[in-house]
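A note on names: the letters A, B, ... follow the listed sequences, proteins ahead of strands, and every chain is numbered from 1. For the numbers below, each heavy atom of this structure counts, side chains included, while hydrogens, waters and symmetry mates do not.
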Amino acid sequence: MTAEGEKKKACIRKQGVYVSTPLGDSMKPMLLGMRDSVAVEALTRPVRRGDVLLYETADGRHLLHRVVGFSKEGYLMRGDNCYTPEPPLSEGQIIGILTQFWRKGKPVDVSTSVAYRLYVGFWRFSYPLRWLFFRVKNGFARTAA
Amino acid sequence: MKRLDGFVTREIGGKLVAVAVGERTKTFNGMITLNGTAALLWDALEKDRTEDSLVEALMEKFEVSEEKARRDVKSFLEKLEKAGLLL
């Protein structure tokens, strides 16, 4: 893990939480970059489908994306606004798990919010249609992951 | 003196933290943890303030001696300056 990744993990160990502002829009519509905030804590239970994890990619970037499946090689991750596959994620790449976020300033606890759970279910259920819409809109040309 | 703008405060698990939003995210990432004293000073520094006025605000809110308040204010301002957050 990079120094920056270790710094975030250390913050979680010391403060119990790492709060920051995501910069991109890969998790739209749930989170808008530079506007909303996220709270990430240590992972203390098995990862579940639907969890949002903060992790470090092989090339040192930090992403906050959702677990959409499992494979022998690791967790399958995808941003809510993404349609290209990512390399499977191993445990060692995980910095923490999203426990709360603030959307337009309003706090949402991911473990207790009914609205959030409905969103996660709907977003997962609607993926095939959204993928098709995305492909139609952007053409069916192969895009880089 | 005042602090840089472009931050919001978030409360989580009884803690108050400040994070950058908008354009400020381009120059500052990470979080600033604020205890009771720091939270008051952080809020106060949204506007232009003198060190004396910050000391007075602390003394009024927490009923501490001027000496302690001045130490706390100095320490907080030094941290902000070191982080590049003080104008």
Side-chain angles (χ1 to χ4, degrees), chain A residues 2-28 30-44 52 54 56 60-64 95-113 116, chain B residues 1-47 49 54 58 61-62 68 71-87:
Chain A
T2 59
E4 187 60 30
E6 290 299 342
K7 211 165 123 185
K8 290 177 184 175
K9 287 179 87 171
C11 177
I12 292 171
R13 273 196 304 271
K14 191 174 166 197
Q15 308 274 359
V17 67
Y18 173 69
V19 181
S20 76
T21 306
L23 302 180
D25 288 339
S26 63
M27 285 297 288
K28 269 174 83 170
M30 177 179 142
L31 294 167
L32 196 63
M34 296 167 74
R35 179 195 74 185
D36 299 328
S37 310
V38 296
V40 173
E41 297 182 22
L43 186 58
T44 55
V52 175
L54 176 65
E56 185 168 287
R61 290 174 299 137
H62 289 171
L63 299 181
L64 188 78
I95 294 170
I97 182 168
L98 180 77
T99 54
Q100 182 171 322
F101 61 94
W102 291 261
R103 188 172 183 278
K104 295 185 190 176
K106 195 177 158 195
V108 178
D109 184 322
V110 306
S111 61
T112 59
S113 165
Y116 176 70
Chain B
M1 71 196 105
K2 59 187 278 200
R3 61 166 170 84
L4 289 181
D5 61 7
F7 289 85
V8 293
T9 49
R10 304 292 189 208
E11 187 177 340
I12 178 154
K15 285 186 218 289
L16 199 64
V17 300
V19 290
V21 289
E23 290 299 307
R24 189 59 65 202
T25 57
K26 293 179 182 172
T27 51
F28 186 91
N29 73 63
M31 67 183 212
I32 303 161
T33 308
L34 304 168
N35 62 17
T37 304
L40 183 143
L41 296 174
W42 178 263
D43 264 348
L45 283 164
E46 197 177 2
K47 297 190 166 66
R49 303 290 293 259
L54 294 173
L58 265 194
K61 172 87 180 177
F62 295 107
K68 171 140 177 44
R71 265 200 321 266
D72 288 349
V73 165
K74 201 171 152 55
S75 168
F76 184 72
L77 292 177
E78 278 169 4
K79 283 178 185 156
L80 283 194
E81 193 160 22
K82 194 174 168 189
L85 300 176
L86 199 62
L87 291 174

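To the nearest 0.5 angstrom, Arg10(B) atom CZ is 11.5 Å from Phe101(A) atom CZ.
Side-chain contact between Ile12(B) and Glu41(A): present, with at least one pair of heavy atoms (C-beta onward) separated by less than 4.5 Å. Side-chain contact check for Asn29(B) versus His62(A): every heavy-atom pair is 4.5 Å or farther apart.
Under the 3.5 Å distance criterion, the side-chain polar atoms of Thr21(A) are left unmatched by any main-chain donor or acceptor of Val21(B).
Under the side-chain contact (heavy atoms from CB on, under 4.5 Å) test applied with Met31(B), the options Cys11(A), Ser20(A), Ser37(A) reduce to a single match, Cys11(A).
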Test log, rule side-chain contact (heavy atoms from CB on, under 4.5 Å), inputs Arg24(B) and Met34(A): CA-CA 9 Å; Arg24(B) 189 59 65 202; Met34(A) 296 167 74; over 6 Å; no
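Both the backbone and the side chain of Gln15(A) come within contact range of chain B, with heavy atoms under 4.5 Å apart. Residue Glu23(B) touches chain A through both its backbone and its side chain, counting heavy-atom pairs closer than 4.5 Å.
Under a cut-off of 6.0 angstrom, the local environment of CD in Glu81(B) is sparse, with at most 12 non-hydrogen atoms contributed by other residues, nucleotides or ligands.
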